[in-house]
**Q** 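Here's a structure for you.
Every value quoted in this text rests on a predicted model; they were computed, and no experiment measured them. What you see below is based on every heavy atom in this structure, not just the backbone, and it leaves out hydrogens, waters and symmetry mates.
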Amino acid sequence: MVVANNNGKPYTDEIFSELKKATTRLHEQTEETAELTEQMHKSYEEQLKRITEMVELKLSETTITLEQQLEEERIQGLKAEFFRYLMLLK
C-alpha cells in the first residue's frame, strides 16, 4: 500500500529527508547531552577539590591550635610542678 501511494517507492524523498533531519537532530542532542554531562562532571570534580582543600586547611588549623593548647598545658603543668618542688625545698 505504501509503495502504491508513493509511485512505486517504499518511501518518499520527503520522508527520507525528514528522517535524516530527525537523526541529525538526535545526534546533535546526544552530543550536547554528552558535553553537558562532561561539564557537570568537571564542575563536580572542581567543587569536590575545593571542598576537600577547605576541609584539609581547617583540619590543619585545628590541629595546630590543639597542639599549641596542649603545649601550653604541658608548660603550665611543668611550671606548677616546679613551684611545688620549690615549696618542698623551703
Side-chain angles (χ1 to χ4, degrees):
M1 185 169 139
V2 173
V3 174
N5 289 334
N6 290 320
N7 298 324
K9 297 180 182 176
Y11 56 86
T12 63
D13 288 337
E14 184 180 320
I15 293 172
F16 180 73
S17 177
E18 289 298 318
L19 285 172
K20 192 169 184 174
K21 286 178 188 177
T23 302
T24 302
R25 278 194 305 262
L26 180 61
H27 181 68
E28 289 171 353
Q29 289 173 347
T30 302
E31 287 179 352
E32 288 174 6
T33 302
E35 289 173 9
L36 287 174
T37 301
E38 181 64 25
Q39 288 174 356
M40 287 174 47
H41 181 71
K42 285 180 182 179
S43 176
Y44 170 78
E45 290 294 325
E46 290 170 2
Q47 289 176 359
L48 182 61
K49 182 179 177 183
R50 282 195 302 270
I51 290 169
T52 301
E53 289 171 352
M54 287 173 24
V55 168
E56 287 174 347
L57 178 62
K58 188 65 176 173
L59 181 60
S60 177
E61 291 172 352
T62 302
T63 301
I64 290 169
T65 301
L66 289 173
E67 287 174 346
Q68 289 172 342
Q69 289 174 350
L70 184 61
E71 185 63 20
E72 288 175 17
E73 290 175 6
R74 189 182 71 78
I75 290 171
Q76 291 300 323
L78 288 173
K79 284 182 181 178
E81 188 178 321
F82 177 71
F83 285 123
R84 275 195 302 264
Y85 178 73
L86 285 179
M87 295 305 264
L88 290 174
L89 290 177
K90 287 186 179 188

**Q** Would you say the side-chain atoms of Ser60 pair up with the backbone N or O of Glu56, donor to acceptor, closer than 3.5 Å?
**A**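 No.
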**Q** In Å and rounded to the nearest 0.5 Å, what is the CG to CG distance from Leu19 to Leu26?
**A**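 Reported to 0.5 Å precision, the distance equals 12.0 Å.
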**Q** Do the side chains of Arg84 and Glu81 get nearer than 4.5 Å, heavy atoms only?
**A** yes
**Q** Nearest 0.5 angstrom please: Leu48 CG to His41 NE2, how far?
**A**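 Here the rounded value is 10.0 Å.
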**Q** Do Lys42 and Glu45 pass the salt bridge (charged side-chain N to carboxylate O under 4.0 Å, His left out) test, and can you show the C-alpha distance, the side-chain angles, and the key distance before you say yes or no?
**A** CA-CA 5 Å; Lys42 285 180 182 179; Glu45 290 294 325; over 6 Å; no
**Q** I need the Ile51 CD1 to Gln47 CD distance, nearest 0.5 Å.
**A** 6.5 Å
**Q** Distance check, rounded to the nearest 0.5 Å: Ile64 atom CD1 versus Leu59 atom CG?
**A**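 These two atoms lie 10.0 Å from each other.
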**Q** Decide yes or no for Thr37 and Thr33: does some side-chain heavy atom of the first lie under 4.5 Å from some side-chain heavy atom of the second?
**A** yes
**Q** Between atom CD of Glu67 and atom CD of Glu72, what is the distance when rounded to the nearest 0.5 Å?
**A**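 So the CD of Glu67 and the CD of Glu72 are separated by 12.5 Å.
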**Q** Could you grab the distance from atom CG of Leu70 to atom CG of Leu66, nearest 0.5 Å is fine?
**A**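 It is 8.5 Å, given to the nearest 0.5 Å.
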**Q** Any non-hydrogen side-chain atom of Thr23 less than 4.5 Å from a side-chain atom of His27?
**A**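 A side-chain contact under 4.5 Å is absent here.
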**Q** Got a salt bridge between Arg25 and Glu28, using NZ or NE/NH1/NH2 to carboxylate O under 4.0 Å?
**A** no
**Q** Is it the case that the side chain of Ser43 and the backbone of Gln39 share a donor-acceptor pair, with hydrogens and angles ignored and the cut-off at 3.5 Å?
**A**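 It does not hold such a pair.
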**Q** Of all residues at least two apart in sequence or in a different chain, which pass the side-chain contact (heavy atoms from CB on, under 4.5 Å) check with Lys49?
**A**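 If we apply the side-chain contact (heavy atoms from CB on, under 4.5 Å) test to Lys49, skipping adjacent residues, the hits are Glu53.
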